[in-house]
Amino acid sequence: MPKILKLPKLFSTMLVSTSPFNFDATMHKPSHFPSSDNIWEKGRYWITMVWQRQTVGLKLENKGTVARPKIELSVHSLKPVNKEELLPEIEWRFNLKTDLSEFYRKFKDDKYLKEPIKKWKGMRPVAANFLYETLIIYIVLQNATVRRTVQMLENLFDSFGQKVEFDGKILSAFWDAKKLDKIPEQKLRDLKLGYRAKTIKKLSSQFSEGKIYELTMRKMTKDEVRKEALKIYGIGPASVEYLLFEDFYHYDAFDTVPPWEQKIYSKLLYNKKLVSADKILRDMHKRYGKWSKLAIHYIWEDLFWKRKTRRIDWLEKEIRL
DNA sequence: CATCAGGGCCCTG
DNA sequence: CAGGGCCCTGAT
């Protein structure tokens, strides 16, 4: 077991967000699998970050309301960090500058969005990790059940990551891509990564050789990001589908429906057993246009928030735990 | 027990 | 452009 690094608090500051901002629905996505690099409690969120080659602990606290958002950020680290450089990155990660007013105006009375908007107005997608880390997550999602995904990621954290303690929480942090580049494939296979061992090694070397420029990709159009992402070994259409929306904030990027999601949309939107992916895509694009993926996000997360408080029998069957 | 299909992707033919 | 193979795990 690696030793736990204690990170002292460096500073705290207030973050400004556009309004409305829903703290809990933005920080916490109930449809996502749990990962030891972050903890959410109502009004509070802790996450680790590897920033300029050192491990940093972030705590975000809700100090405002949906209409008048105020977020207190505290930064924990062993060494000083450059605040002027860090803060814009935090703003991007938590998507604090986006303007969704048109979306709410257009769809507040929509049959499917009325309820989710009422409950979750101010919810946004967040790219809580760096691109390399996000892609690791997408790779362990591929062809695996939730339990197995969690096991693979936690095995990676235990072997290559760093455990840190700050603000009374113990969390894992990601590793530098260079670290995995040099690891023999068999070592990764021993962590039950299976054929993903090769994928993760190649991904790590593509990043450590500096072949992928996340900051440039943030400025690209949707199609450019897609093209760029598909060049990455092990990243295909299903991973890109998540990437475009959750990490690059393209609210219209709704092009693929994975089989398990297809079953859930069929029941939820059509009350049918199975509607073709093409029809779902066509209908959603027609109805929501450039907001299609954001609309789906509201519908989807609303369902998983409900699942937290009450059992939904038909849904349990579709989630492969 | 054996078999098989996944919350995909790459590679081959 | 279709389909086989890949690591593992849980379902049957």
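In what follows, every chain begins at residue 1, and chains take the letters A, B, ... in the order their sequences are listed.
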Gap in Å between the two [atom1] atoms, one belonging to [N] and one to [M], rounded:
N      : M      : atom1 : answer
C:dG3  : B:dA5  : C1'   : 15 Å
B:dT3  : C:dG5  : P     : 15 Å
C:dG10 : B:dC9  : C1'   : 22 Å
C:dC7  : B:dT12 : P     : 15 Å

Tell me what [X] touches on the nucleic acid: a base, only sugar-phosphate, or nothing, going by heavy atoms under 4.0 Å.
X      : value
A:F33  : nothing
A:I235 : sugar-phosphate
A:A238 : sugar-phosphate
A:S239 : sugar-phosphate

5' precedence on DNA chain C between A:R147 and A:N143 (nearest-nucleotide basis): A:N143
Six-ring centre of A:W305, A:K308 cation under 6.0 angstrom, axis tolerance 45°: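 Cation-pi check for A:K308 and A:W305: passes.
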I want to check something: taking the side chain as every heavy atom from C-beta on, are [X] and [Y] in contact at a cut-off of under 4.5 Å?
X      : Y      : result
A:L7   : A:L78  : yes
A:E133 : A:V50  : yes
A:I232 : A:Y138 : no

A:E261/A:I280 under side chain to side chain contact (heavy atoms under 4.5 Å, CB included): CA gap, chis, key distance, verdict: CA-CA 11 Å; A:E261 295 187 12; A:I280 297 173; over 6 Å; no
Atom [atom1] of [X] to atom [atom2] of [N]: distance rounded to whole Å?
X      : N      : atom1 : atom2 : value
A:L193 : B:dG8  : CG    : C1'   : 15 Å
A:K201 : B:dC9  : NZ    : C1'   : 19 Å
A:L153 : C:dC8  : CG    : C1'   : 16 Å
A:M152 : B:dG6  : CE    : C1'   : 12 Å
A:Y195 : B:dG6  : OH    : P     : 13 Å
A:L135 : B:dG8  : CG    : C1'   : 14 Å
A:K317 : C:dA11 : NZ    : C1'   : 15 Å
A:I200 : C:dC7  : CD1   : C1'   : 12 Å

Is the phosphate of [N], meaning OP1 or OP2, less than 4.0 Å from a side-chain N or O of [X]?
X      : N      : result
A:R196 : C:dC6  : no
A:Q151 : C:dT9  : yes
A:R148 : C:dC7  : no
A:T199 : B:dC10 : no

Pair assignment for B:dG7, Watson-Crick or G-U wobble, requiring both distances under 3.5 Å: none
Base B:dG8 to side chain A:Y138, donor-acceptor N/O within 3.5 Å cut-off: no
Selected nucleotide, minimal atom distance to A:P237 side chain, candidates B:dG7, B:dC9, C:dG10: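 Closest of the options to the side chain of A:P237: B:dC9.
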A:W291 ring center near A:H297 ring center (under 6.0 Å): no
Position toward the 5' end of DNA chain B (nearest nucleotide), A:K263 or A:I232: A:K263
